Every structure is written in C-alpha cells, then in structure tokens.
K.L.:
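I'd like to ask you about the structure that follows.
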Amino acid sequence: MNAPLMAAGSACAAWAGMAVLCFQSSSQRRRLGLREQSGREQWRFILAGTALLAISLVAAVSADGSQFGVLLWLCQTGMLGMALICSLPFARNAVMASARLAALLAPLSLAAASAM
C-alpha cells in the first residue's frame, strides 16, 4: 500500500464529498442560482456526500494508522472545507468541475494505492 496515494485519494474524496453536501443545501442552491431539488434527489446527494466522506476517513486511517490517520483526516477536511467555503461563492463552476474531477480521481488513486 502506498501511503501518499492513499492520502491523496482521501483528500480527493473529502473535497468531492464536501462539495456534494454544499451543493445539496437548499440555501446554498438559492444563493448560487441553481434550481431546487426534489426530496429524493436531495437525499441522493446527502448519501453520496456522506459516502465520500466515509471513504475519505477510511483511506486516511488505512494510509497512516488509526491514531495519525484520524488526525490527518481532520486536518485535511478542515483545510479543504475552509478552501471550499472561501472559493464557492466566487468560483462556482471551478468548484463544481474540481469536485467532479476529485470524485473520479479518488477511487482511481485508492485502487492504485491498494494495488501496490
């Protein structure tokens, strides 16, 4: 297992998960000028974001052990969350595109790390 690839996969999954959770929020959608979601669609977003954050936590723990991995994950999600909060109002399309890319890169880097 390659720890740097696992940490990168964890960061990608965390970024994508937090972005998904931001984009499902009805107040955030109104602020960004996006259409309202139905209840079922909103729950799919919530489940997808939660799953991505859980994958991120598991990847961080498997990369660096149970003690340091949780600390790594908390620091990663804190810093990425701050970056997301600061950039979302000004660069909605860039955040959306980077979240889609991160959602694709996360499983690829985790699969590559577990194959090594």
Side-chain angles (χ1 to χ4, degrees):
M1 172 175 38
N2 193 347
L5 267 177
M6 281 291 221
S10 173
C12 286
W15 178 264
M18 287 187 291
V20 165
L21 289 175
C22 279
F23 282 116
Q24 69 80 30
S25 168
S26 59
S27 62
Q28 200 57 272
R29 293 185 75 77
R30 255 191 315 275
R31 185 177 300 125
L32 295 172
L34 300 172
R35 69 169 179 79
E36 287 296 318
Q37 294 176 322
S38 67
R40 180 175 275 184
E41 191 177 29
Q42 190 173 16
W43 275 106
R44 276 190 244 145
F45 270 71
I46 290 170
L47 290 174
T50 304
L52 283 167
L53 286 173
I55 289 169
S56 172
L57 176 60
V58 169
V61 168
S62 65
D64 293 311
S66 62
Q67 291 176 345
F68 186 69
V70 173
L71 181 65
L72 169 73
W73 184 75
L74 287 172
C75 291
Q76 264 184 348
T77 55
M79 296 304 292
L80 290 172
M82 183 63 79
L84 184 66
I85 289 168
C86 292
S87 62
L88 188 59
F90 305 107
R92 178 186 75 167
N93 293 334
V95 170
M96 200 177 295
S98 67
R100 286 182 180 145
L101 180 64
L104 291 175
L105 288 178
L108 293 176
S109 62
L110 294 177
S114 63
M116 290 185 165

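Quick caveat, the model's predicted, so the values are computed rather than measured.
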K.L.:
Kindly give the heavy-atom pair with the smallest separation between Phe45 and Leu21, and that separation in Å.
P.N.:
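That would be O-CD2, 4.3 Å.
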K.L.:
Show the nearest heavy-atom pair for residues Met18 and Gly81, with the distance to one decimal.
P.N.:
CE-N, 3.5 Å
K.L.:
Which value, rounded to the nearest 0.5 Å, describes the distance between Ser109 atom OG and Leu104 atom CG?
P.N.:
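So the gap between those two atoms works out to 11.0 Å.
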K.L.:
Report yes or no: do Leu57 and Leu74 belong to one cluster of Ile/Leu/Val/Met/Phe/Trp/Tyr joined by side chain heavy-atom distances under 4.5 Å?
P.N.:
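In one cluster: yes.
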K.L.:
Begin from the C-alpha positions of Leu80 and Leu84 and carry the test side-chain contact (heavy atoms from CB on, under 4.5 Å) through to its verdict.
P.N.:
CA-CA 6 Å; Leu80 290 172; Leu84 184 66; over 6 Å; no
K.L.:
For a quick test of reading the model, state the closest non-hydrogen atom pair linking Leu88 to Cys22 and the distance between them.
P.N.:
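Nearest pair, atom of Leu88 first, then Cys22: CD2-CB, 4.0 Å.
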K.L.:
For Ser10 and Trp73, which I'm curious about, is there any donor-acceptor pair between the side chains at under 3.5 Å?
P.N.:
no
K.L.:
In the single-linkage hydrophobic clustering (I, L, V, M, F, W, Y; side-chain heavy atoms under 4.5 Å), do Leu72 and Leu5 co-cluster?
P.N.:
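Hydrophobic grouping puts Leu72 apart from Leu5.
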K.L.:
Are Leu105 and Val20 joined in one hydrophobic group, where the rule is that I, L, V, M, F, W and Y side chains link up if heavy atoms are under 4.5 Å apart?
P.N.:
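Hydrophobic grouping puts Leu105 apart from Val20.
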K.L.:
Tell me, yes or no, whether the heavy-atom count around Glu36 atom CD, taken from other residues, nucleotides or ligands under 6.0 Å, exceeds 12.
P.N.:
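Counting other residues, nucleotides and ligands, CD of Glu36 exceeds 12 neighbours.
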K.L.:
Sub-3.5 Å donor-acceptor pair from the side chain of Ser114 to the main-chain atoms of Leu110, do we have one?
P.N.:
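Side chain of Ser114 to backbone of Leu110, a donor-acceptor pair under 3.5 Å: yes, one is there.
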K.L.:
So which heavy atom on Ala14 is nearest to which on Thr77, and how close?
P.N.:
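Closest pair (atom of Ala14, atom of Thr77, distance): CB-CG2, 3.9 Å.
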K.L.:
Could you pull out the closest heavy-atom pair between Ala63 and Ala7, with the gap in Å?
P.N.:
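Scanning both residues completely, I find the closest heavy atoms to be CB-N, 4.2 Å.
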K.L.:
Does some side-chain heavy atom of Ile46 sit less than 4.5 Å from a side-chain heavy atom of Thr50?
P.N.:
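Yes, side chains in contact.
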